[in-house]
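Naming: A, B, ... by sequence-line order, numbering from 1 per chain.
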Number of protein chains: 2
Amino acid sequence: MFYLIGLGIGPGALSVRALETLKKCDKIYLEAYTSIPQTGIKELGALTGREIQQLQRNVVEETDLLLRDAKEKAIAFMVPGDPLVATTHSSLLVAARRNKVPCQVIHSSSIYSVIAECGLQMYKFGKTTTVPFPQENYSPTSPYGAIAANQKAGLHTLILLDIQVGPDSQRYMTIPEAIKILVEMEKEKGKNLFSPKTRLVGLAHMGEKDQLIRYAALPVLAKTDFGQPPHCLVYPAELHFQEKELLETY
Amino acid sequence: MFYLIGLGIGPGALSVRALETLKKCDKIYLEAYTSIPQTGIKELGALTGREIQQLQRNVVEETDLLLRDAKEKAIAFMVPGDPLVATTHSSLLVAARRNKVPCQVIHSSSIYSVIAECGLQMYKFGKTTTVPFPQENYSPTSPYGAIAANQKAGLHTLILLDIQVGPDSQRYMTIPEAIKILVEMEKEKGKNLFSPKTRLVGLAHMGEKDQLIRYAALPVLAKTDFGQPPHCLVYPAELHFQEKELLETY
């Protein structure tokens with residue numbers, strides 16, 4: 001059996017069912033190249049009482065190996081958040097289903113629904129976008145377009161921030177960095193989506209005891225130390241009074 | 001302390017952190033009027049070793065009582081799914097934050113990210129809609145409008161199905177019932193969103209061992225017995241080949 005298991009958002013966010021399953025597995029792998037798990041390998045080891053192997057390389061290179069093993073053994077593959085939210089992991093599920101390897105997905109919390117804690121209503125979110133780190137000769141403005149389209153339709157936008165995880169280095173975009181990049185897009189596109197009066201929601205290390213949610217104008221957010229990653233932003237559409245009520249407590 | 005705790009999608013979906021917290025709480029309430037928890041009160045009692053009180057009435061009527069208690073004791077309020085996805089529960093968080101009652105939200109899996117298991121990419125979902133049970137002199141076509149707008153923007157639509165939970169009765173809309181209602185909307189609106197060739201994704205009792213995902217044309221879905229609730233649908237936008245790859249295994 002191949003288990004694709006979500007670690008959820010924050011420490012201890014994996015489910016009771018996930019924990020029970022992990023204790024019975026023959027091999028446990030932790031995906032650590034598309035994100036940095038908020039629950040570390042040591043804590044996971046202590047929790048499950050099992051040895052956990054961290055995978056650093058791209059999962060696609062490991063798929064055959066993992067699935068061959070899963071035909072006869074119970075193999076767990078752990079992923080931060082809810083496992084299929086990162087598109088890269090659906091290839092594992094495709095390969096398992098095609099090769100008739102029995103497979104179960106064990107879900108957990110995801111930033112997609114965790115953001116509802118700020119007060120914005122889930123059903124009013126439109127397309128999600130990601131702000132990438134600028135690269136030489138490549139500064140896509142697709143996040144600006146996504147926000148503009150959502151605004152026009154009266155929908156909130158979840159703005160994820162880029163992550164670069166290499167074997168020896170980790171780089172997470174912070175909220176102040178993202179604001180700087182978005183303001184640059186404003187200069188190019190000029191639809192007045194980002195002005196000093198624009199109020200966004202900044203969310204940092206959700207699910208941790210000291211998680212931070214701030215609803216404030218851009219210049220304030222740009223100066224706020226949100227602390228440890230991961231960070232994300234929400235660009236709110238026109239607010240319902242009930243949304244405003246909770247949002248303004250942050 | 002007031003703990004707002006998600007039960008997640010499927011049995012055993014609550015998080016390890018939630019379970020540890022529940023064991024230390026002075027009082028535990030289970031919300032059972034906006035949804036039917038997939039983990040029953042008996043299983044939750046066995047899991048936590050604690051007595052659990054089921055709340056049948058509207059939470060708003062109980063807010064003062066709950067929060068007064070939470071000023072001095074550890075009070076847990078459990079909700080199916082991720083707790084703030086249902087808009088009714090944000091009023092609890094507002095009241096807690098306004099009255100300076102310390103409060104923690106413990107998240108869990110939500111249908112909003114669980115649907116990614118069908119293969120559709122999360123970031124390509126637009127506004128979510130709900131198909132309500134028809135009432136005399138009231139047949140809203142807002143779901144049709146939401147799907148049309150998302151299609152135009154190339155976005156998938158999560159279609160939630162109505163739930164009516166009373167003190168003595170429970171009623172969940174099934175996928176065949178929802179298709180009948182959506183086809184009625186087609187007759188009125190006529191934008192050719194629903195034809196016998198239209199293929200939707202039907203998802204039923206996700207997170208359970210016998211969860212069911214079917215990607216098929218309307219007439220097939222309308223005749224499928226999806227079994228126990230809850231059910232939901234996804235109206236896919238134009239598919240990326242990677243999405244198609246997983247979707248077509250169902």
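In this structure, chain A has a heavy atom under 4.5 Å from the side chain of B:Tyr112, while its backbone stays farther away. With a 4.5 Å cut-off on non-hydrogen atoms, B:Leu19 touches chain A through its side chain but not through its backbone. In this structure, the portion of B:Leu155 lying under 4.5 Å from any heavy atom of chain A is its side chain and not its backbone. Neither the backbone nor the side chain of B:Ile111 comes within less than 4.5 Å of any heavy atom in chain A. With a threshold of 4.5 angstrom between heavy atoms, B:Pro11 approaches chain A through N, CA, C or O but not through any side-chain atom. The contact between B:Ser113 and chain A is made by backbone and side chain atoms together, counting heavy-atom distances below 4.5 Å.
Counting heavy-atom neighbours within 6.0 Å of B:Glu238 CD, excluding the residue itself, gives a total of 12 or less. Counted within 6.0 Å of CD on B:Gln228, heavy atoms from surrounding residues, nucleotides or ligands total more than 12; the atom is thus considered enclosed.
Pairs engaging residues 116-130 of chain A under the salt bridge (charged side-chain N to carboxylate O under 4.0 Å, His left out) rule: A:Lys124-A:Glu243 [sequence neighbours left out].
Taking every heavy atom of both residues into account, B:Val114 and A:Asp82 meet most closely at N-OD2, 3.6 Å. A pairwise comparison of heavy atoms in A:Ser15 and B:Gly12 identifies CB-O, 3.5 Å as the closest pair.
Interface check for chain B: of the options A:Ile9, A:Thr130, A:Leu14, A:Val85, the most heavy-atom pairs under 4.5 Å are formed by A:Leu14. Interface remark: of the candidates A:Ser108, A:Ser90, A:Ser110, A:Ser108 forms the most heavy-atom pairs closer than 4.5 Å to chain B. When each of A:Lys209, A:Glu245, A:Glu248, A:Gln121 is scored by its heavy-atom pairs under 4.5 Å with chain B, the top score falls to A:Glu245. Chain B forms the most heavy-atom pairs under 4.5 Å with one residue out of A:Leu4, A:Val16, A:Leu158, and that residue is A:Val16. The choice from B:Ile106, B:Leu47, B:Leu84 that makes the most heavy-atom pairs within less than 4.5 Å of chain A is B:Leu84.
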Report task. Tell me, with the steps shown, if A:Leu246 and B:Arg97 meet side-chain contact (heavy atoms from CB on, under 4.5 Å). Result -> CA-CA 8 Å; A:Leu246 184 48; B:Arg97 292 181 62 86; 3.9 Å; yes
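In this structure, A:Arg17 contributes its side chain and B:Gly10 its backbone to no donor-acceptor pair below 3.5 Å.
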